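Notes to accompany the following structure.
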Amino acid sequence: MTRNRREHLFVETDGQVYLVQDRGVWRFPRGSEKVPFEVDESGRMDFGDDLVVRAKPRLSYHPEEWFNRDDLFSRSDVDGLVKKAVYMTMPRLVAEAAIVRGHDVLMVKAKRGFSRGYWNLPGGFLDFGEPPDVAVEREVEEEIGADITLEGLLGVYHSGFPGKPTYTMGFVYRARTKDTTFRLKEDEIEAAEWFPVHKGLVLTRNPFVRWGLVDLFRQFDPPPFEVTRHGLLAKGKAWPRGPAVFLDRDGVINRGRPGYVRTPEHFELLEGAPEAIAGLTRAGYRIAIVSNQDAMGWKLIPERQLRRIHEKMIEGLAAAGARVEEIYVCPHHVLADCPCRKPRPGLLLAGARDLNADPAESWMVGDKVSDVAAGKAIGARTVFVGDATRRKRFAKDLRASPPDALAKDVREAAAAILGRS
Ligand SMILES: [Mg+2]
């Protein structure tokens, strides 16, 4: 996709914007024009034919002589793109409610807008001058006619949306209600239903809903479901919130095998995998392995044999300096309706909870479309691992739900993660 786009430089510091005069009009310098100071790029805004590159200047003083961003709008000698870009830098603000009943959360299906046909938490944009806690109560009343009591903020999240130069900040609250029947706003909401968190996560495409539901899941004590762990986690260790990499096992760390890896002798680390994972460990990522083990579901491997396989894996990885915090296993087969079998996000939810992983900073790496789907469900970034043949085989699914990166193997996946975090 090569397009000749005009590039513009939007230099701003402390509310002051640098513009150049061109035939009586003040505009951004073009990407090709020299500016009389050094700049550091801080972001890109896509306006179709115009690409606006945001940059911070390296200056030793406050540039009083530049334009104050708020004064630009009333001037007739300022280029329209400048006004548009300054306007678009202002964050959009939304507030949403995770209304909880037991371990379920109330979700609404949208009839219009970005989320049309998808499930969401009830909520919406803040009105002018309205605080988020007031906005969320008003929005819930308007959308579903419910009276809610807020039980605290789950988080404040920040995200761009595809094809838009703007960023949105989302305040997601935990709430409860005594109402059991809901009056749906006719032109906006198609349905309202209760879902367990792991189901809600796969029904939405809203990153705030995903991150909010992961943070809600952390609060449930005890958790809504248990998963199978190897048992590496240090009991009672309090992790600060931070980034994690969730790794699929077969085809990523070790060679996959027809008829399953059933004994330690079958287990063969892929070349370069331990070193690549060690690089992620050194960069500060908490490593968790998340693996569907159908072979256990079909009773082809006893649990003690799986443990021996995993001990061999841990040893092989540790020899290169790779540290695995925990191994999470789905021991069910393909027909089971468990919360943990990928593409369902149960293993990643358990890992995010154990390791206090921030999903917005975390990654999922796998060689199946179901790995990508599980990563997306918790709002993590994703890497699909596979050679050209494998990518071609899954091309249609990967187009429908693209990962953030494609990689030949876990070495390339680690490079993509380290290059983009
Ligand atoms: Mg795999």
Side-chain angles (χ1 to χ4, degrees), residues 103-105 107 109 115 117-120 193 195-207 209-214 216-217 223-229 244-253 256 260 288-298 326-355 357 359-360 362-386 390-391 393-407 410 413 417:
H103 284 153
D104 289 346
V105 63
M107 296 183 74
K109 194 172 181 185
S115 283
Y118 289 87
W119 293 85
N120 234 323
E193 275 178 46
F195 294 103
V197 166
H198 70 271
K199 293 223 162 114
L201 284 172
V202 297
L203 295 171
T204 190
R205 63 189 297 221
N206 179 337
V209 173
R210 289 172 173 156
W211 297 330
L213 291 183
V214 173
L216 174 65
F217 186 85
F225 55 85
E226 266 312 337
V227 298
T228 304
R229 293 175 180 78
V245 177
F246 296 97
L247 295 168
D248 172 45
R249 198 194 79 181
D250 299 334
V252 173
I253 298 174
Y260 306 112
I289 294 168
V290 287
S291 180
N292 287 352
Q293 286 301 325
D294 307 52
M296 278 185 82
W298 301 119
E326 187 54 285
I327 304 164
Y328 299 89
V329 169
C330 168
H332 309 110
H333 59 64
V334 62
L335 302 174
D337 184 28
C338 60
C340 52
R341 190 171 200 280
K342 294 175 292 181
R344 294 174 208 133
L347 298 179
L348 287 82
L349 274 171
R353 179 193 168 97
D354 288 346
L355 304 175
S362 297
W363 292 78
M364 170 75 213
V365 179
D367 69 338
K368 286 203 174 139
V369 173
S370 55
D371 294 314
V372 173
K376 280 179 182 245
I378 65 156
R381 282 172 287 180
T382 57
V383 188
F384 179 84
V385 170
R390 194 169 178 85
R391 283 185 212 176
R393 189 171 138 208
F394 293 108
K396 204 174 137 216
D397 295 313
L398 294 172
R399 261 198 311 277
S401 183
D404 294 273
L406 292 165
V410 71
I417 291 169

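Note that the numbering runs from 1 along the sequence shown for the chain. Remember, predicted model here, so these are calculated numbers, not experimental data.
- Using a 4.0 Å cut-off between charged nitrogen and carboxylate oxygen, Asp104 and Lys199 do not count as a salt-bridge pair.
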Check: Which is it for Phe225 and His198 under the ring-ring contact (aromatic ring centres under 6.0 Å, His included) test, yes or no, and what are the steps along the way?
Finding: CA-CA 10 Å; Phe225 55 85; His198 70 271; 5.5 Å; yes
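- Note: Leu348 CG to Ser362 OG = 9.0 Å, rounded to the nearest 0.5 Å.
- If you take CG on Asp250 and CD1 on Ile289, they are separated by 10.5 Å, rounding to the nearest 0.5 Å.
- Not one N or O on the side chain of Arg381 forms a donor-acceptor pair closer than 3.5 Å with the backbone of Met364.
- Considering only heavy atoms from C-beta on, Leu398 comes within 4.5 Å of Pro403 through its side chain.
- Across all their heavy atoms, Gly251 and Val385 have their closest contact at O-CG1, 4.2 Å.
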Check: Given the rule in the side chain to side chain contact (heavy atoms under 4.5 Å, CB included) test, do Val383 and Leu406 qualify, once you have shown the distances and angles that lead to the verdict?
Finding: CA-CA 6 Å; Val383 188; Leu406 292 165; over 6 Å; no
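- With rounding to the nearest 0.5 Å, the separation of CE in Met107 from CG in Asn120 is 6.5 Å.
- Counting all heavy atoms, side chain and backbone alike, Ser291 lies closest to Leu347 at N-CD1, 3.7 Å.
- Remark: the backbone N or O of Cys338 is paired with a side-chain donor or acceptor of Arg344 at under 3.5 angstrom.
- Side-chain contact between Trp211 and Leu216: absent, with no pair of heavy atoms (C-beta onward) separated by less than 4.5 Å.
- Without hydrogens or angle criteria, Trp363 side chain to Ala244 main chain gives no donor-acceptor distance under 3.5 Å.
- Side-chain contact between Pro402 and Lys376 is present, with heavy atoms from C-beta onward closer than 4.5 Å.
- Interatomic distance, Lys109 NZ to Glu193 CD, rounded to the nearest 0.5 Å: 8.5 Å.
- When all heavy atoms of Ile378 and Pro359 are compared, the pair lying nearest together is O-CB, 3.1 Å.
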Margin query: With side chain to side chain contact (heavy atoms under 4.5 Å, CB included) as the criterion, how do Leu247 and Val410 come out once you've worked through the C-alpha distance, each side chain's angles and the decisive distance to 0.1 Å?
Written below: CA-CA 9 Å; Leu247 295 168; Val410 71; 4.3 Å; yes
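- The cationic group of Arg205 lies under 6.0 Å from the six-membered ring centre of Tyr118 and within 45° of the ring axis, placing it in a cation-pi geometry.
- Formation of a donor-acceptor pair under 3.5 Å by the Asp367 side chain with backbone atoms of Val252 is not found in this model.
- In this structure, CZ on Arg353 lies 12.0 Å from CG on Leu355, to the nearest 0.5 angstrom.
- Between Val365 and Ala413, the shortest heavy-atom distance links the atoms CG1-CB, 3.9 Å.
- With respect to the salt-bridge test (charged N to carboxylate O, under 4.0 angstrom), the residues Lys368 and Asp248 do not qualify.
- Atom CZ of Arg210 and atom CG of Leu201 lie 8.0 Å apart (nearest 0.5 Å).
- Residues Glu326 and Arg229 approach most closely at OE2-CB, 3.6 Å, considering heavy atoms.
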Next item on the list: Go through the steps for Phe217 and His103 under the test side chain to side chain contact (heavy atoms under 4.5 Å, CB included), then give the verdict.
Entry: CA-CA 9 Å; Phe217 186 85; His103 284 153; over 6 Å; no
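- Looking at heavy atoms from C-beta onward, Cys340 lies in side-chain contact with His332 at the 4.5 angstrom threshold.
- Looking only at side-chain heavy atoms (C-beta outward), Gln293 and Tyr260 stay at 4.5 Å or farther from each other.
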Note to self: Evaluate Leu349 against Val197 for side chain to side chain contact (heavy atoms under 4.5 Å, CB included), listing each step before the verdict.
What the structure shows: CA-CA 9 Å; Leu349 274 171; Val197 166; 4.2 Å; yes
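- Between Phe195 and Trp119, a ring centre-to-centre spacing shorter than 6.0 Å is recorded.
- Between Ala407 and Arg391, the shortest heavy-atom distance links the atoms C-NH2, 3.4 Å.
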